[in-house]
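Structure record follows, encoded as structure tokens.
Since the structure is predicted, the reported quantities are computational estimates derived from the model, not experimental observations. Below, read A as the first sequence line, B as the second, and so on, with proteins coming before strands; counting in each chain starts at 1.
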Amino acid sequence: MKRTRIAHVLAEGQPGETHQVCGWVRTRRDSKQGFSFIELNDGSSMQGLQIVVDADVPGFEEIHKLITTGASLRLVGKLQESPGKGQRVEMVASEIELYGTADADTYPLQKKRHSFEFLREIAHLRPRTNTFGAITRVRNILSAGIHEFFQTRGFQYIQTPVITTSDCEGAGEMFQVTTLNLERIAQIQTEIDFNQDFFGRKASLTVSGQLEAEIFACAIGECYTFGPTFRAENSNTTRHLAEFWMIEPEMPFYDLNDNMELAEEFIQFLMKAVLEKAPDDMQFFNDRIENTVLETVKQIAETPFERVPYTEAIEILTSSGEKFEYPVKWGNDLQSEHERFLTEKHFKKPIILFDYPRTIKPFYMRCNDDGKTVRAMDVLVPRIGEIIGGSQREERLDVLENRMRECDLNPDDYWWYLDLRRFGTVPHSGFGLGFERIVQLVTGMQNIRDCIPFPRTPKNAAF
RNA sequence: UCCCCUGUAGCUCAAUCGGUAGAGCGAGCGGCUGUUAACCGCUAGGUUCAAGGUUCGAGUCCUUGCGGGGGAGCCA
């Protein structure tokens, strides 16, 4: 007999049907008359299946005491309408098999609430909890939604390299990749000769696929990347990971307005997908994790984003009367407190800030005619802050070269990037979206380390 | 990297002014029950993160180290 997923049994199972289910025990409750209630969860849904096992089920008596929280079982039984409250149907077992026990004295997951800090220390078992099951399912819906969004719009999914030798992508500290024997080198020499290294030069893990995505956007049209990204920053916050997943669409013939439109449509699409496809998990997050998350996600899904030029945002902040720890001044980057004020208090919805001062933005963003600003945009959402950063790219060769020198970069190092402007240059735009930040936004989870199965942060890569 | 908080039973936490280390949950045993965060009783469970210092006496105060959390910066 084929296994039926518990999610399917709960949603569509009818009294009288016989099914086989497999999974892990959440709780067992014994009754005097000799039968037991087992709540079984197989990860397919938030809710588990209640199974009534009578004392005369073959083999049950021998394994009865071994059916503890965490034990794995196979059960066959007939569904019936549940006389008790809390579930539509339940199963009456006719066959039971114990796959594996989970010794109650040593199994770390108990039938109680655990702190997220503790669960991080047992990252191999935390997917078995309600919260991490829900996060994993929502992560999956978001992943599928990302591909669906772009695929139905004719975007091509491209793969950019994880290992890169372009030394200065300009988006933060990089992890070095090497096959050199560092212990030996430390003993016998003081200078490192990268010619001896695997690639014959210094190599690192990518901090962004953007430059490579531009190559394809300027060849095959709209495209996007969705892959791991690495930043060796010593960041210890609830919003940063050393290894995270990033989505980077890149579109030829898009100006900044087209770019903003796409970013807004994209985020709203993902919010709707989650609301529609994971209502139980979303309700759980709202009940148990963060009681405003449903409202927030719905609001983002439906409300048009406010578009505010940087200069106007500065004016709003200076005339707000709000006391900020850091001064608001044109030409300075906005601090977290400023962004939060704008999106949480002033506009009370997602906002897109654009046209930032060129001095605080990277070289590849297109310069405006005012000589002071660039066509950059940041999408800010309540609670998380920046979730998307993007821009229209500078497509004019001479302007781009000047900007590189202004940023102390050597244009020769980017010869291939400049070739895109040298031969058949086109206006184009793109943005980057941190996948775990979207997960964090829709789940209401406070710490991004709980939004990825195996978080990597400074001093932490145990699993 | 900086600032603040924190480290006590398997887990979540308490311990007054520096004076014999406790509770809830979990676990074991027993009872009760179509139960569902089940409930009731009993029992076991501790090198108080580590090293050093002050003191008659340190979980508590001081120093250093390590771990964890929050905030900031960097960003997605």
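Salt bridge present: Arg139(A) and Glu436(A) bring a charged side-chain N and a carboxylate O closer than 4.0 Å.
Rounding to whole angstrom units, CD of residue Glu117(A) and C1' of rG70(B) are separated by 10 Å. Look at CG on Asn236(A): it is 16 Å from P on rC75(B), rounded to the nearest Å. In this structure, Asp30(A) atom CG and rG34(B) atom C1' are separated by 13 Å, rounded to whole Å. Atoms CD1 (Ile448(A)) and P (rG71(B)) sit 12 Å apart, rounded to a whole Å. Atoms CD1 (Ile67(A)) and P (rU35(B)) sit 20 Å apart, rounded to a whole Å. Following rounding to the nearest Å, Ile360(A) (CD1) and rC74(B) (C1') show an atom-to-atom distance of 13 Å. In this structure, CZ of Phe35(A) is placed 12 Å from P of rU36(B), rounded to the nearest angstrom. Computed from coordinates, the Asn234(A) CG to rG71(B) C1' distance equals 15 Å when rounded to whole Å.
In this structure, of rC74(B), rG34(B), rG67(B), it is rC74(B) that holds the atom nearest to the side chain of His240(A). Checking rU12(B), rU35(B), rG67(B) against the side-chain heavy atoms of Ser115(A) singles out rU12(B) as nearest. Candidate nucleotides rG69(B), rU1(B), rC74(B) were compared by shortest atom distance to the side chain of Arg449(A), and rG69(B) ranks first. Closest approach to the Glu39(A) side chain among rG69(B), rA72(B), rU36(B) is made by rU36(B) (side chain taken as heavy atoms from C-beta onward). Candidate nucleotides rG71(B), rU1(B), rA76(B) were compared by shortest atom distance to the side chain of Thr238(A), and rG71(B) ranks first. Listed nucleotides rG28(B), rA72(B), rU1(B) differ in distance to Ala104(A); the shortest reach to its side chain belongs to rG28(B). Ranking rU12(B), rU35(B), rU1(B) by closeness to the Gln50(A) side chain, first place goes to rU35(B). Candidate nucleotides rC75(B), rC74(B), rU36(B) were compared by shortest atom distance to the side chain of Glu386(A), and rC75(B) ranks first. Comparing rA72(B), rC75(B), rU35(B) by their nearest atom to the side chain of Arg231(A) picks out rC75(B). Residue Arg437(A) has its side chain nearest to rA76(B) when only rU1(B), rU36(B), rA76(B) are considered.
Remark: rC39(B) base-pairs with rG31(B); criterion is Watson-Crick or G-U wobble with both hydrogen-bond distances under 3.5 Å. The partner of rG67(B) is rU6(B), by the rule that a Watson-Crick or G-U pair needs both atom distances under 3.5 Å. Summarising the base pairing, rU1(B) is matched to rA72(B) through a Watson-Crick or G-U wobble pair whose two defining distances lie under 3.5 Å. Here rA14(B) sits opposite no nucleotide as a Watson-Crick or G-U wobble pair (both hydrogen-bonding atom distances under 3.5 Å). For rG26(B), there is no paired base (Watson-Crick or G-U wobble, both distances below 3.5 Å).
Along RNA chain B, the nucleotide nearest to Pro458(A) and the one nearest to Asp378(A) differ in position, and the one closer to the 5' end is contacted by Pro458(A). Nearest-nucleotide positions on RNA chain B for Lys459(A) and Ser82(A) put Ser82(A) closer to the 5' end.
Within 4.0 Å (heavy atoms only), Asn447(A) reaches sugar-phosphate atoms of the nucleic acid but no base atom. Residue contacts for Phe37(A): at a heavy-atom cut-off of 4.0 Å it reaches a base atom on one of the strands shown. If you check every strand for non-hydrogen atoms under 4.0 Å, Gln80(A) touches a base. Within the 4.0 angstrom heavy-atom criterion, base atoms lie near Thr237(A). If you check every strand for non-hydrogen atoms under 4.0 Å, Leu241(A) touches a base. Residue-level contact check: Gly432(A) touches the backbone only, with heavy atoms under 4.0 Å from sugar-phosphate atoms and none from bases. Nucleic acid contact for Phe435(A): none, since no nucleic acid atom lies under 4.0 Å from a heavy atom of the residue. Residue Thr68(A) is classed as having no contact, given no heavy-atom separation below 4.0 Å to the nucleic acid.
Not a single donor-acceptor contact under 3.5 angstrom links the side-chain atoms of Glu337(A) to the base of rG73(B). Within 3.5 Å, no donor on the side chain of Ser235(A) pairs with an acceptor on the base of rC75(B), nor the reverse. In the interface, the side chain of Glu90(A) is paired with the base of rG34(B) through a donor and an acceptor atom under 3.5 Å apart.
Across rG22(B) and rG31(B), the matching C1' atoms stand 27 Å from one another, rounded to whole Å. Rounded to whole Å, the separation between the P atoms of rC66(B) and rA9(B) comes to 23 Å.
None of Arg366(A), Glu214(A), Met251(A), Arg375(A) except one satisfies the side chain to side chain contact (heavy atoms under 4.5 Å, CB included) rule with Arg393(A); the exception is Glu214(A).
In this model, the phosphate group of rA72(B) is approached by a side-chain N or O of Arg239(A) to a distance below 4.0 Å at OP1 or OP2. Considering only side-chain N and O atoms, Arg120(A) lies under 4.0 angstrom from the phosphate OP1 or OP2 of rG69(B).
Taking the six-membered ring where the residue is Trp, Phe226(A) and Trp245(A) present perpendicular rings, their angle passing 60° and hence far from 30°.
Remark: the backbone N or O of Met174(A) is not paired with any side-chain donor or acceptor of Ser204(A) at under 3.5 angstrom. A distance-only check finds no donor-acceptor pair linking the side chain of Glu344(A) to the backbone of Pro382(A) [under 3.5 Å]. Ser44(A) contributes a side-chain N or O that, together with a main-chain N or O of Ala7(A), makes up a donor-acceptor pair within less than 3.5 Å.
The cationic group of Arg456(A) does not satisfy the cation-pi geometry with Phe454(A), failing either the under 6.0 Å distance to the six-membered ring centre or the 45° limit from the ring axis.
rA76(B) has Phe244(A) stacked on its base ring, the centres lying under 5.5 angstrom apart and the planes within 30 degrees of parallel.
Arg29(A) and Ser31(A) are not linked by any side-chain donor-acceptor pair at a separation below 3.5 angstrom, with hydrogens and angles left out of the test.
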